[in-house]
Chemist: 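Here's a structure for you.
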There are 2 protein chains.
Amino acid sequence: MSKQKAEKRVFHNNDECPVRNVVAQIGDKWSVLILFALVEGPDRFNSIKSRVVGVSQRMLTQTLRGLEREGYVNRTVYPEVPVRVEYELTGMGRGLVKPLYQLVSWAETHHDEIKRSRQAYDERG
Amino acid sequence: MSKQKAEKRVFHNNDECPVRNVVAQIGDKWSVLILFALVEGPDRFNSIKSRVVGVSQRMLTQTLRGLEREGYVNRTVYPEVPVRVEYELTGMGRGLVKPLYQLVSWAETHHDEIKRSRQAYDERG
DNA sequence: CGGTATCCCGGGCGATACTG
DNA sequence: CAGTATCGCCCGGGATACCG
């Protein structure tokens with residue numbers, strides 16, 4: 001049967017790669033923070049904007065549109081005056097957040113170790 | 001005690017935020033693919049390069065340096081002729097990969113659903 | 001209030017050439 | 001083989017102005 005040692009996997013970086021797909025969507029500056037903000041319940045545009053510190057109007061709109069397109073977020077317009085728009089996680093969005101929490105929890109646990117590693121790396125040039 | 005309803009969390013995007021820290025390092029185009037390639041064992045520069053399809057020499061070097069700085073990857077030089085350089089996951093790197101697998105596993109499970117959501121979104125304009 | 005539209009700069013990143 | 005060095009393009013994303 002061919003070789004004795006298993007061939008090592010090859011990794012592609014395109015639209016058909018689920019790895020790349022998810023990282024491409026949530027790997028930007030704001031997506032994860034916005035998803036986490038919405039975990040606490042539906043929220044309005046300007047409220048999200050004030051809670052996700054530093055996000056510009058342009059990037060908030062753009063990121064929410066992306067998350068909506070992937071199916072992680074629902075957008076609901078209430079035609080009041082003035083208009084009210086609420087964003088909330090979909091079922092799939094809540095599903096995504098779980099492994100994200102695992103990741104972030106890991107990151108928090110190892111935050112100090114990472115900082116020390118950086119410092120050591122920088123010191124030895 | 002202050003308000004009845006809990007205040008919603010505020011999310012920052014800076015170096016002190018573990019959320020941002022981890023996403024900033026692994027959210028780029030190549031880090032996750034390279035980490036996954038190294039799960040299968042130590043590997044040499046050009047071998048990684050051929051397995052992570054599309055990565056340029058420049059970006060592979062740069063990404064590996066970043067992963068090494070965070071403490072996820074070890075770099076070992078064997079002064080043979082020609083020189084051989086091996087990269088391998090550290091203990092922390094192997095630790096990081098676990099929640100990443102959870103995330104990617106989730107992504108693979110929902111890949112079709114996401115694709116359908118995109119299509120629906122694009123069709124309704 | 002919740003967006004678009006436009007301008008513009010810095011940097012991410014690919015291509016290419018060179019090196020120990 | 002495993003990198004650095006340099007150039008240049010593209011575009012992410014901030015700032016600002018305007019709109020339903």
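Atom set for the values below is all heavy atoms of this structure, side chains included, hydrogens, waters and symmetry mates excluded.
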Chemist: Quickly work out the B:Ile34 CD1 to D:dA2 P distance and round it to whole Å.
Modeler: 14 Å
Chemist: Any heavy-atom pair between the side chains of A:Leu35 and A:Leu100 that's under 4.5 Å?
Modeler: yes
Chemist: Is it true that a side-chain atom of A:Asn46 and a backbone atom of A:Lys49 form a donor plus acceptor pair closer than 3.5 Å?
Modeler: no
Chemist: Would you sort out whether B:Arg51 and B:Glu40 count as a salt bridge (Lys or Arg N to Asp or Glu O under 4.0 Å), showing the intermediate values?
Modeler: CA-CA 12 Å; B:Arg51 294 171 60 212; B:Glu40 297 171 44; 3.5 Å; yes
Chemist: B:Pro82 has a side chain; which of C:dG3, C:dC1, D:dC1 sits nearest to it?
Modeler: D:dC1
Chemist: Quick check on C:dG12: is either OP1 or OP2 less than 4.0 Å from any side-chain nitrogen or oxygen of B:Trp30?
Modeler: no
Chemist: Considering only side-chain heavy atoms of B:Lys29, which listed nucleotide, D:dT4, D:dC1, C:dC13, is closest?
Modeler: C:dC13
Chemist: Fit a plane to each ring of B:Phe36 and A:Phe11, take the angle between them on a 0 to 90° scale, and name the class: parallel (under 30°), tilted (30 to 60°) or perpendicular (over 60°).
Modeler: perpendicular
Chemist: Could you check how far CD of B:Glu68 sits from C1' of D:dG3, rounded to whole Å?
Modeler: 13 Å
Chemist: Over how many whole Å does the gap from B:Gln57 atom CD to C:dA17 atom P extend?
Modeler: 13 Å
Chemist: For a quick test of reading the model: is some side-chain N or O of B:Arg75 closer than 4.0 Å to OP1 or OP2 of D:dA2?
Modeler: no
Chemist: Taking atom P of D:dG13 as reference, at what distance in whole Å does atom CG of B:Asn13 sit?
Modeler: 10 Å
Chemist: Taking the side chain from B:Thr90 and the backbone from B:Gly71, do they hold a donor-acceptor pair closer than 3.5 Å?
Modeler: yes
Chemist: In whole Å, what is the span from the CD atom of B:Glu86 to the C1' atom of D:dG3?
Modeler: 16 Å
Chemist: OP1, OP2 of C:dA5 versus side-chain N and O of A:Arg58: anything below 4.0 Å?
Modeler: no
Chemist: To the nearest Å, give me how far apart CD (B:Gln62) and C1' (D:dT6) are.
Modeler: 14 Å
Chemist: Report the distance from atom CE of A:Met59 to atom P of C:dT4, rounded to the nearest whole Å.
Modeler: 13 Å
Chemist: May I ask you to list the residues of residues 36-48 of chain B, by number, that have any heavy atom positioned under 4.0 Å from an atom of DNA chain C?
Modeler: none
Chemist: For A:Lys49 and C:dG3, is the shortest distance between a side-chain N/O and OP1 or OP2 below 4.0 Å?
Modeler: no
Chemist: Keeping B:Thr63 on the side-chain end and B:Met59 on the backbone end, is there a donor-acceptor pair under 3.5 Å?
Modeler: yes
Chemist: I need the CG-P distance between A:Leu60 and D:dG13, as an integer number of Å.
Modeler: 13 Å
Chemist: Could you check whether any side-chain N or O of B:Thr61 sits under 3.5 Å from a backbone N or O of B:Gln57, counting only pairs where one atom can act as donor and the other as acceptor?
Modeler: yes
Chemist: Looking only at side-chain N and O atoms, does B:Tyr87 come under 4.0 Å of OP1 or OP2 in D:dG3?
Modeler: yes
